[in-house]
Amino acid sequence: MNTPAAFTLSDVSKVYSNGTVALHNLDLTVHEGQFVSLLGPSGCGKSTVLRMVAGLGKMSSGNLYWGSSSQRKLAYVFQEAALMPWATVEDNVALPLKLAGLSKSAAREAVQEAIALVALQGFEKAYPRELSGGMRMRVSIARALVTKPEILLMDEPFGALDEMTRSKLNSDLLNLWGQKQWTVVFVTHNIYEAVYLSNRVVVMAARPGRVVADVAIAAPYPRTEEFRTTPLFNDYCRDISNSLSRAAGQTAALHPSDSVSASVVNQPA
Amino acid sequence: MNTPAAFTLSDVSKVYSNGTVALHNLDLTVHEGQFVSLLGPSGCGKSTVLRMVAGLGKMSSGNLYWGSSSQRKLAYVFQEAALMPWATVEDNVALPLKLAGLSKSAAREAVQEAIALVALQGFEKAYPRELSGGMRMRVSIARALVTKPEILLMDEPFGALDEMTRSKLNSDLLNLWGQKQWTVVFVTHNIYEAVYLSNRVVVMAARPGRVVADVAIAAPYPRTEEFRTTPLFNDYCRDISNSLSRAAGQTAALHPSDSVSASVVNQPA
Amino acid sequence: ASQAPTSTEAPASPAAGASPASGELTKITYGTNWYAQAEHGGFYQAVATGLYKDAGLDVTISMGGPQVNGTQLLMGGAIDFFMGYAADAIKAVEEGIPKVTVAAIFQKDPQILMAHPGTADSLEDLKGRPIFISSSANVTYWPFLRAKFGFTDDQKRPYNFNPGPFLQDKQTAQQGYLSSEPLAIKKEGGFDPVVFLMADYGYEPYSTTIECKRELVESNPDLVQRFVDASIKGWYSYLYGDPSPGNELIKKDNPEMTDEQIAYGIEKMKEYGIVDSGDAQVKGIGAMTEERWKSFYDTMAAEGVFKPETDYTQAYTLQFVNKGPDAYKV
Amino acid sequence: MDNLFDVPRQPEASAPSSESGQPSQLQRLLSPDILAPILVGLLMLALWELGVRLTNTPPYILPGPILVLQTLVREWGTLFPSLLITMKITLFAFLAAVVSGLLVSVLFTQSKWIERSFFPYAVILQTTPIVAIAPLIILWVRQLVPGTASTFVSLVICAWLVAFFPILSNTTLGLNSADHNLINLFQLYRASRWQTLRYLRLPSALPYFLGGLRISGGLALIGAVVAEFVAGTGGTSSGLAYQILISSFNLQIPRMFAALLLTTVLGILIFVLLTMLSDRLLRHWHESAVRREN
Amino acid sequence: MDNLFDVPRQPEASAPSSESGQPSQLQRLLSPDILAPILVGLLMLALWELGVRLTNTPPYILPGPILVLQTLVREWGTLFPSLLITMKITLFAFLAAVVSGLLVSVLFTQSKWIERSFFPYAVILQTTPIVAIAPLIILWVRQLVPGTASTFVSLVICAWLVAFFPILSNTTLGLNSADHNLINLFQLYRASRWQTLRYLRLPSALPYFLGGLRISGGLALIGAVVAEFVAGTGGTSSGLAYQILISSFNLQIPRMFAALLLTTVLGILIFVLLTMLSDRLLRHWHESAVRREN
Ligand SMILES: Nc1ncnc2c1ncn2[C@@H]1O[C@H](COP(=O)(O)OP(=O)(O)OP(=O)(O)O)[C@@H](O)[C@H]1O
Ligand SMILES: Nc1ncnc2c1ncn2[C@@H]1O[C@H](COP(=O)(O)OP(=O)(O)OP(=O)(O)O)[C@@H](O)[C@H]1O
Ligand SMILES: [Mg+2]
Ligand SMILES: [Mg+2]
C-alpha cells in the first residue's frame, strides 16, 4: 500500500575530506506523504543525510533518485538558524519567496501567516541579534514553511523550544502536513516527539553512519494528545529507545554492514 | 536549613535598547550548592537572567549580590556553542585554562578529561566546522567543565543532544555536582530533565520576564533512573507543566507583579 | 586667445606667404617644458599679437610641468612642436626617434648653480659640497661637471623644486633656472645667491629649441617654416617691443606668475644674452650652427654622455633658421 | 496560545538614555564623539606651533600652523578654486573606482578561475608608477576624447588607477566571505547567480567593501594630486598640485603648506564621511558597528 | 557508552582525491591553478605584441613585449642590481608598515576614544603628497641618521607612509569585528586585555589584516619607487625608479618598460606570496579560504 517513492538514497557513502566517514553504504527510500523521523546519536550523520537529499555537497559514492516531486519543491530547516544578520525577521522569512520571484506585496500575506504560525507577531522588524535563541530558530522554521514545500527537511527544529511552544508547533506541523500531504523528514532527539509525529521512525548508528532500525508507527492520524498516553505509544517509544541503545553499541562493531542486516527493518504503512 | 546565598538578583529589570522589556523587577536568590533549573517559554528572559548573573551587560535597574563565592569562579555554557573557528577542539576546550595562566602541559590532563567526559576523544585536532551540531555543543560543555567552576550556568546545554548522550551527560553532571558541591543554574525546556536533575525548579513567564513559580524538588540524591518512574517524579512534572501553562497565560496580564505574588514560591531543601 | 593689436605689414618672408591669404588657419599645438614664464615669452607674444595668425596658424600653447614627458607627447601626436633641448635631441638620435630641432631660441642654457654668498667664487669651489640637483641633471650637465670639475656622486642631493633645504644649509649649492630660483631666494631668503651660469663654464647646449617630427619637416616644410618664423618674430617683439600682450597670456596660463618675476626674467635674459647673443646677433634669433652642435656633441661625448658613433647631425636642420635679423622685422 | 508572544515591542529610539527624545542638533555637535577628535586636532596644531617656535625653525623649512592659516586666509581666493578642481577629479576617480572595483570583484566571484587568472594582474594597475605611463594615457585619451575634456579624463584615469585596487581587493575578499550556511540556503532555493549576489554576497561583503572605500577615498585624493603632477594642467583649470608645486618652487612654503592643509582637510573629510556612511549601513548588524549591550 | 564516539578520525590529507598521497612537485606546478594565470599572462603579452604590430606603434611610444624582453636581457646587468635595491626598500617599508599598522590598530581598539580621536588623522599620512614633504623627511632623517644610511632611511620612511594606512584601516576594522559571543566568553573568564587581543581579536582580524597586507604590499612597492623619484639621488645605490627616470630622460623607452616590467613582476610576486600566505593561514577556518564540501 505504499505511495510512490519521493526519493531514494541508494548505497550512499559520504567521506569528508578530513577522512571522517559520515555515511557508509546507506539505503533509504522515503515515500510521498510520509512523515519520517530520523534519530541517532550525536554525530552519526543525520544532518549529512539531509544535506545529501537537499543536494548540498557531493556524495562520495551512491545515488539519489527522485520520484514525481523533486529537489525544487524542497524546504530545509537547518540545525543552526542560519539567518541573515542584516535582514529583519520579516525579510528573513520572505527570502524564499523573494528568490522565487514573488513581489513584496504578493509575499506579504504568506510571510505574515508564517510569522504568526511561529508566534513571532510584533517582531517583524527586529533583527536576528535582538532575538532569543528559540526565537531565532522559529524564524528559521517560518522561513521554511512560508514556501509551502512538497518536501520538508527539518534538522532538530524544535530542540531549542519550550514544551508549550514545541507541542503547539508539533500540532501545527501535523495539521499542515495532514492538509497538504507533504513529505517530511524530521531529525529529532526526542523519541516521544518522533513517535507522536511520524508514521515512520528511522534510527541511525554512528561512524560510519547507517540505518539500524526502521520502525513504522501504525497509528491513525489525526493524533491527539491522548495518543501520548496510550500503551501503543509507550511500546513504540521503548522499542525505539532500545534500537537507539543497540545503535550506540553497534558503533564499535568491526563489520558494520553485518549488523545492519541483523536489525529490524520495517516497511512503513 | 538553607545554605548561604551564592548570589541574589534583587529587583532586577532589563530593558534592551530597542525597548524590549526582557526582565521586570525580578528577584531570585540561589543558594550555595543548589541545582536550580530555569524553565519558561521561548523569549521569556532565561538567557538574560544568566547573562545578568555572569555580569555580561548592564542591568537597567536592580542589583546583584554575591555570597562567599563570586563571579570569578563562574563558568557559562552559552546557548550557542560559541567556539573559536580558528582553534581545534582541544584548543577551544583549553581556552579557560589558558586564560587562567596555566601552561599547556599543565592544562593537558584536564582538557583530556573534559573531552572524554563529552565523549569527543579522537576529535581533539578537529576544527569546529568539521563537527556536527551536537558535537560542537559538547565542546562548549567541555570548555565550561574544564575549569572546575564553583558556579555553573548552563543555557540549554543538552538541547541538541540525543537521549543517550543526554542521559549520560545528565548523570555525569549530577555526579560532578555531588562531588564538588557546585552551584548550578540550568536552563532547559525539558521538564523531566529539570525535575530529575535539580533540587529547585524556577518557572519564568514572558515579557516582561519574571518568576512565576519556584518549586523545591524534595527527592534525595543520588538519583537513579528509577526516580524517573516514581509517582513523586510525575507529580512534580505535572505541577511544573501546569505552572508553565499558567505562565503562558499570565504573560498577557496587565499587572504582572500581582500575579507573581500569587504564585507558589517554595524554598529549596 | 586675446586679440592683441596685429601687425599691419604684409608677410615678410616669402616662404610664409603661401597660405595665410586663404583664411584657413592650421591648428597647431606647441608644448613647452614648464609652467608659463618669461622664458616662454616670445611664443606667447606671437599668439597674443597675432603673428601666428598672420602666418596662417592657430597655435595653442600647452604647458609642460615637472614630470611631463614632452617627447612622447610629440611623437604620439598630442603636440606638433615641442620646446626641446639639444642634449635631448642628440639622445633621440641615439634611440632612433625621428625628431628634429628646427630652431634654437636660447643660445645659452639658463641652467645655473647657486651658492650662498661668500661661500664660492667659481664652480670649482663647489667641489665636495652637497649640491641639490634634479634627477634629469644626471643625463645632462652633471656628467659634464663631474668630468670637468671633479664633482662626485656623493655630493648629489635630491632637488624637487623646493629651495628650502638649500637655504637651511650654507654649505650647500643648488641648481636653478637663471630667472626663477635666484629671485625666489632673494624674496624669501633675503639674500642674493652667487649664480654660476653653466653656459659660461663650457656647458653649451642649445635650449628652448623648437622640435618637430622629421616627418613634418619632410612633408610640410612650409608649415614648419611659418611656425619658426612667426615664433622668432614673437621673440623679437617680446624682447624689444612691448611684452605686455605676451605677459598677459603667461599670467593667464600660470596665474601664480607675478609681474615682478616676469620683469626679472626678461631682465636676466637680456643681461646674460640668453636669446640674442653670439650667432643670433648675426643670423637672427633661433640661429644654429654646425660648429656649435659639433662642439657640444664632442664635449659631452668625451664625458661619455653620448656614444662616439652617434650621427649628431641628424638631430637638427639649419634649413629654417639663420636668415639674419632683418628677415624677422615685422 | 498564540498570544503567548504578542506583547508588541515598542519601536523606541535605540539610544539607551533617550527619554527626552532625540538630542538636539547642538547637543550632538557638542557630544564627546565630535569634540574629542577636534580637540586632538587642535592639540596637534598647538604642538606643531610650539615645536616650530622652540626650535626656531624658519618658515621656509616648516611654517607654524598659525602662519599657515593666515596664509590660507590670504590666499583663499586662489587656493579655493584649485581645491574645487582637485575635489572634482578626486570625486570622479573615486566613483569610477567604486563602480569598477565592485563590478570586477563581482566578476571575480563568479568563477574561481577568473579570479585566479586575473587577480594577480590587477595588482599591475597599482604597482605601475603613474609617471611612466602618464604619456601613454594622455595619448590614448586624446584619440578617444578630443578637445579640452581630454586632460580632465586623463587626470581622472590616473587617479582612478591609484584608487581602484583596494576596493577590488577588499570587496573580492568580502564576497568570498559569505556565511556558508547561508550559501547553502540560497543554493537550496535555487537562487540565481544574480540573486545570490544581490541578497547574500553583496550584503556580506559590505563591511569589507566599506573598509576598501575608506582606503581608496584617500588614495583617490592623492592620486588626483599626483596625476596633476604628471599629466600637467595649468591656468584656471589647475588644481592643488599646481599650487603646491609653484609655491614650493617660489619658496612660498607657508602657501605650500596652506595648499597641503587643504588636501589634508579634504582627506579627513572624505574619511569621516565614509566612516559615517559605514556606521550607518552596518549599525544594525555588523559587529564593528553595532552597539552591544552585553 | 564512552566508546560510542571513539572511532578515531584518520588524519588524512585534505585533498579529496589524494589516494596516491601528495601530488608531486611537478604535478603541482602543472596544476590548472598555476597554469591558468600564467596562460592569461602570456595571452595578454601576445595581445600587447599584436596590438603594437598591427597599429605600427613605434617603440619609443610603446614597445612590444618581445623588444622589452630583449632589452631586459641585454640590460639585466644594470637593471637587476637596481631591482634588488628597490626590493630592499620595499621590504623594509612593508615590514615597518605591518608592524606599525598592527601596533596602532591594536592601540585603537583599546579604546573607542583613541580610535575616534586619532583615526581621522592617520589618513593624513596617506593623503599628503610625498613630493611635498620629502624635503622635510630628508632634513629630519639627516639629523638623526648621519652618513650614507640616511638616504636609505628617508626612502624607507617615504615608502612606509604610502603602505601604512591600508593595514591600519583594515586591521582596525578586523579587530572590531570579533564575534560578540566570544567577546562575552573572554569577558567571563576575566581575560586580560592582552589575552583578549592575543587569543580573540587578532585571530578574528586575521582575514582583514591579510587583506590589508595584499593592498599594502603593492603600495609599499610603488611607494619605494615614488620615494626614489623624489628622494633618491641616483648613483650606484639607486633602484628601479632611477632606471625608469633615466631611461625616460634618455628616451630609451624599451629600457624604461623593461624596468617597469621588473616592478610589475615584483608586484605580482608580492601579491601571489601574500595570497598564498593568506590561504595557508585561513584555510582551516575562514570562509574565504576553506574548501567547503557542501
Ligand atoms: N564539514 C565537515 N568536515 C568534516 N567532517 C564533518 C563535516 N561535517 C560533519 N562532519 C562529520 O561527519 C559526522 C556526521 O556529522 P553530522 O553533522 O551529519 O552529524 P549529526 O548526526 O547531524 O549529529 P548532531 O546530532 O550532533 O547534529 C560527524 O562525525 C562529523 O564530525
Ligand atoms: N540584544 C538584544 N536586543 C534586543 N532585545 C533582545 C536582545 N537579546 C534578547 N532580547 C529580547 O529579550 C527577550 C528575552 O530574551 P532571552 O534571550 O533572555 O530569552 P530566553 O528566555 O533565553 O529565550 P529562548 O528560550 O528562546 O532562548 C526576548 O524577547 C528577546 O527578543
Ligand atoms: Mg546534525
Ligand atoms: Mg535563551
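Proteins get letters first, then strands, A, B, ... in listed order; numbering begins at 1 in each.
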What part of I183(D) lies closer than 4.5 angstrom to a heavy atom of chain A: side chain, backbone, both or neither?
->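 Interface part for I183(D): neither.
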
Interchain contact, S192(D) with chain A, by part (heavy-atom threshold 4.5 Å) =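 Neither part.
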
When the ring centroid of F152(D) is compared with that of F92(D), is the distance short of 6.0 Å?
->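 Ring centroids of F152(D) and F92(D) are less than 6.0 Å from each other.
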
Taking side chain as everything from C-beta outward and backbone as N, CA, C, O, which of these in [X] sits under 4.5 Å from a heavy atom of chain D? Side chain, backbone, both or neither.
| X | answer |
| --- | --- |
| T88(A) | neither |
| L95(A) | side chain |
| F78(A) | side chain |

Minimum-distance pair of heavy atoms, taken over all atoms of L26(A) and M204(A) |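 Shortest heavy-atom contact: CD1-CE, 3.9 Å.
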
For H284(D), does its backbone N or O pair with a side-chain atom of R129(A) as donor and acceptor, under 3.5 Å?
->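 Present.
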
Heavy-atom distance under 4.5 Å between the side chains of T172(D) and N176(D), does that happen here?
->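 T172(D) vs N176(D): side chains touch.
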
Distance-only side-chain donor-acceptor flag, N190(A) / T188(A), under 3.5 Å |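 Side chains of N190(A) and T188(A): no pair found under 3.5 Å.
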
